[in-house]
Structures are given as C-alpha cells and as structure tokens.
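Quick one: structure below, then a few questions.
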Amino acid sequence: MGRKRWRPQHIRLFFVGAVFLVAWIAIGAKLVLVQGVQAQTLENQALDQRLRSVTLEADRGTIFDRDGRELALTIEATTVYANPREISDPALTAASLSGLLGRAVGELQAQLEKDTSFVYVARKLLRDDADAIRQLDLDGIHFVAEPKRVYPSGDLAAQVLGFVGTDNGGLEGIEQFYEDVLAGEPGQLIFERSGRGRVIPQGEYEVSEAVRGQDLALTIDGELQFLAQQEALVTLEETGAKAVHIVVLDVTTFDVLAMASAPSFDPNDIGSDPDLFRNRAVTDTFEPGSTQKLITIAAAIEEGVVTPDRVLEVPDRIQVFDREYFDFSEHETRPMTVADIVARSSNVGTILIWQELGDPLLYRYLQGFGLGTYTGIDFPGEAPGLVRPAEEWCDSCGASTAIGYRVAVTPLQMTSVFATVANDGVWMQPQMVESIIEADGEAVGFDQQRQRVLSVETARVMRNMLTGVVEGGTGLLAQVPGYTIGGKTGTTEKFEADLVCPGAGSPGCYGDDVVASFIGIAPIDNPRLAIGVFVDSPSVERRRSGGVAAAPAFSRVMRFALHQLGVPPDAN
Amino acid sequence: MAARTAPVRAPRSALRVIPGRSTSRVGIRQLGTLALAIAMFFGLIYSRIALDRAAFQITNLEGLISEQESRFDELRLEVAQLESPQRIYIEAQSMGMVLPTEGRTVHAPMPASSDEVGELASTDSGPLLATVGAP
C-alpha cells in the first residue's frame, strides 16, 4: 500500500482549519478572561466611568441676634471655573471676562493659558454677576454652585461673629467656637452620567441628603451693638486712642447685649490685619487700676473691717515697705469716709483699708469675683487674666493689688464685677449665645454657673457708694439725665514688656501709655445694665483719664440702652 | 436461477378530508397573539420613553427649584441688608433725623375698673400712652 500523498488543496485546507482553530481558541480564551476572570474588574471600571459622586455641602446654620435679626447667613453662590484646554483664544476670553470680574486682562489670560484642565476664574459670585458671565456663552468657561457665608450688616459685631474660610469652616469668633453646631453634615449624590455629563435616566441614583447646621440665637442686641460700635469709633477719634472696647451686660442674666471694639473689620472682606479680628474684650488683659478698688472696699465691708461711714485720716502719699504710693492729686492729710475714698478714688485711702483687710481676704474676693480664671463665656481664646496666689505676694504686692495693679483682667471680667454688685452680689457666667435652635425650631438654652460673692446688703451699700463717683467724684461725665448712675473711673499706666526702665537691667517697665476706663451700672435702685468702656492708650492731652476719655461714651451708650430696654427714669 | 417477480405495491389510498381546525379561527388567534406581542413591544418602548421623558422633566424641575432657591436666598439677604441698623441709621441721618438726647416718659392714666376702660375708650382724651423723645 503506497503512502497517501498530500495534495496542495489538502494542505491549504489544513492550514485554514488550523488558523480557524487557533482563532477560536484565542477568542474562547479571551471570552473566558473577559467574562470570567476580569468580569468584576471591568464592570467596576465601566461603572466608574459612568458614575459620578458629588459631595452635597450642608448649609451652615444662621446666626441671629436676640431679636431674630440675621447677622450671618449662607446663600447659594456661583463659582466660575475654566478648562484652558477647551479655550481656543485665551486673550479674547480674558478680555471678555475682565470687565465683569474687575481683574486685569493679563492676569486672567495667564491663568487661561495654563496647561491644565481646571482653574478658578471667580469664587462665589452672586446670581446676577454669574448670569452676566453666563450670557457671554464662552467656550471652556463653566459654572458650579457653592454655598457662600455672608454678613448682611457688614462690620456689626464683627469681632463677636468672627468669619469663615473659603471652605466655609469657622476661623474666628462664634463661627469658630460653634463650628460643630453650625457646620451640619455634608451629604452625597451618586449618579450615572452620559458622555456629555448628563444624568442617565433609570441609571444608578443614590442620594444621602446633607444635614443643615443648627441656628444660633445670640444675646447681642443688634441696635445696641451698632450704637456701641458708633460710640467706640467716636471715642477712638476724640481721644486718639489705639483701641476702644465697650461691653454691655444685662445684670439680671449676664447676657452680653453688646461687645464692641474699634477699630473693626468687615467679615465679608476681612482684609489683612489679624489684629482687628481679635475680640479684645475677651482675649486681651490689662491692669484694671482704680475700678478694682470696688473689690477691695466691698471685701472690707463684707468682712466687717470697715463701714461706709467710717472716717479715716488720709494723707496724699503712703510708704508701704519699699514702695511709695500717691493719690492722683496732692492734698493735706484729711478725714475721709470710706464712701469719700471711693468717690475720689483715693489710692492711699484704699491702701489704708487694705492694711486692715489683709492679703488672704483680698485674694479670696478677687477669686470670688472671677478674676484670674476663665469666665466660661462661649468664645474662643478667652484670656483667664492673672491673679497670683496671696502666698506668692511680696510685702508691697497687696497694696498694689488693692488699687488694681499686679493683676491682669479682661474688660469682660471687670464689667462682670460691677454686674455682680448690681445683681445683689451674685456672680453669673456671662453668655453670648442665648440658645441653639434645632431643626424642629426648638430653642435649647444653656445652664449658667453662678455664685454669691457679696451679701445683698453689701451689694446695696456698694451701689450707693458708686453713685457718689458720678454725682460728685471723678465720673461726672457719666451722668445720664433722668437716671441715677453708679460707676467707677480707672486710669492705669500700661506695663510694657519690651520697655527698659531707667537704671533697670532687664526689660519690663510702666510706660507713658494708659488704659482709661469707666464701668457703671444703672438704674441704681433696680439695676438693669452694667456697661464698661475701656480706652487703650488715649493720646490727646486732657483726654487720658477714665473720667474724661471713657465716661462720656458710657453716658451715651447707657442712655440709649435704657431707652432701648424701656427702663423708666427715676420717679424724682 | 429462477426469475423473481417484482412485488406489487398496494395502491395508495385516495386523498381524504381531515377534519380539523377551522382556518379562520387559527388565523384570528395567531393574529391576536402577534398583535398583542407588537402592542406589548410598543408599550414597553413607550413606557421607557415616558420614563426617560419624566426623568428629564425631573432634572429640569430640579434645576428650576435650585434657581428659585437661589433667588430666595438672595431676597433673604436683601431683606437682612435692609434691616441692618447701619443702613437705617445712615438713611435716617440723610432724612435729617437724630437720636434723641433726652427722653421724657408720659405716664398713662391707669383705669381703676373695667367701666373706666370703656369710658376712656369712648372719650376723645387722646392716646393712652405716648413716648416722647426730645432732640
């Protein structure tokens, strides 16, 4: 039997068959790879291309004043961005946008010529501005909605409110302190989109709604705050001071009705001076000077060391160990009642009373009035002040402390001292936020710490003594027609940490600058308000004392506040 | 070898009538099924189109809602700006108004009984309460 010969057509047929077989095996293998081994991965990749996840920003809660006026709110704004790769003529696009955005053509053009697919053109524009750009219908220019924080009253209570950053996170003030309450929780939207970016109907669509932040109701009275700011500005100009701070407290609740500082800033456009952002009535300290004599005298009366009508022989200077203390003006040694010592703000008289009171008791009352510790007000960066323990005091330290030196306090702390006397001797934790308003509209308030510092009788006696300061003492300019006012002036040299005293080796010395202050309460028979005015470094001659620099502003703010609260004048 | 004769096949029976289904009834049922299938097919397509159209309408409505919400926000901002004490103060100043430098309280007569309330209300003795601010 001969060998079968392969004919050419058989060979061709064999090769074609083999090629088809290999092809089918390859296709089968690929099929198994795609549909089996890589199925899940490829499906995920495809879905990833179609799926888009968008973070839904939560609306930040609104901040109201005590009358429901909106001080800070969030609106929807439009951010304009560009994809430079889609822009064929950057120069023309930049020229079109320049006028609407108020930006230089060159600067915009440089941005639009970048080798990237995303650049911000303008952040958070209001609708009309964004619509004007939209109408230009420019290639490569896109729009996206973003929440924008706005402060409709401009600089009203700016240092109290603080402000937010570009991402709407609180950076200063109440905005920072209550970040967790105001911010809310962001949501998420997941959807399938087509190649043109449109939502694919019937495609994947999942939404978890953002939870809006809660609202805050402040204790601030918007109108009173405005007037306090106006008066702070006027005083700043009249006295040539570096800064002026005004604190208004409701003495029955310790609600902060106004807290003003000048100079101020607009939180809608914060500028570049961070010094202006600080709410110095809470964050900065000073030596209180004569206003602190209230504590020394009140402690002595409460402890039975002196009575208001006790007469002391008061010289115009006194030596206490290594240090000599003077009254503001020279005078012969003369008999003065305790009430006279308060009215005339006698340093020497107060030191004579301290000598009978002693350091431990003075220290105890300083603590009792809340000095040297945080008041607990709901505000970031509060300074506790400084009161050293009595056992660390030097021989003459008590004398200095009795007249308001060697102690550091904040304007809020010192105003609270007077509010305590007005509140029948009960100190309360000052508060700036009245309530958190929950989603269902329910307002949730806060518990306040409180402690009795003086008896009702001592508080009443002290109030009567304070009227002497305004009616015949150093605070004449604090009078308010129709109302009986009590208060105390203070003029304190400022301690300069960098200044070197003549003959001293190390820095740290009292300079020429002073803090002039007046703190008062009204009406004296049934007090409603305590107001502190603090003038930092007044520079105009004859306007550098508390009675001249601070008392007039006190009078104007107190008058407005009493009218605002509907407090009737004295019957007589 | 003996010759064999070919077997004779039995003659086939003649055509007969098979009693069966009526041709007209079969046609109607099939046509009905076909028509139903076609109707279902188009119904399905129509429902998909309707759903897609509704989805686009929802998208458009959501856009309108967003636009109106944005408008509401801006009006809210405008109201808040109009209520600003600073703006009111400046407006009042431009109208020549000033803050009163002193106030005077006018005490209202307090009626002792409900009859007196009626009397006071019926007389032309002027308002019961007045607040006076002297510039």
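A, B, ... follow the sequence lines: proteins, then strands. Residue 1 opens every chain. Predicted, not measured: the structure shown is a model, and the values here were computed from it.
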For chain B, which candidate among A:R556, A:R69, A:R127 shows the most heavy-atom pairs at distances under 4.5 Å?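 Of A:R556, A:R69, A:R127, A:R127 has the most heavy-atom pairs under 4.5 Å with chain B.
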Is there a donor-acceptor contact under 3.5 Å linking the side chains of A:D155 and A:S264? no
Is B:R87 in contact with chain A via its backbone, its side chain, both, or neither, using a 4.5 Å heavy-atom distance? neither
Check: A:E70/A:T62 side-chain N/O donor and acceptor closer than 3.5 Å: no
Do you know which of B:E67, B:E83, B:E69 has the most heavy-atom pairs under 4.5 Å to chain A?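 Of the candidates given, the most pairs with chain A belong to B:E83.
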Return yes if a side-chain donor-acceptor contact under 3.5 Å exists between A:R212 and A:T74, otherwise no.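 The criterion, which ignores hydrogens and geometry beyond distance, is not satisfied for A:T74 and A:R212.
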Whether the A:S53 and A:Q188 side chains hold a donor-acceptor pair (N or O, under 3.5 Å, no angle test) is what I'd like checked. yes
Tell me, do A:L182 and A:R149 make a side-chain contact under 4.5 Å, heavy atoms counted?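 Counting from C-beta outward, A:L182 and A:R149 do come under 4.5 Å.
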Heavy-atom cut-off 4.5 Å, strictly under: side chain, backbone, both or neither for A:Q225 against chain B?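 When you check distances to chain B, no heavy atom of A:Q225 falls under 4.5 Å.
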With a 4.5 angstrom heavy-atom cut-off, which part of A:L562 approaches chain B: side chain, backbone, both or neither? neither
Can you tell me which portion of A:F560 sits under 4.5 Å from chain B's heavy atoms? Options are side chain, backbone, both or neither. side chain
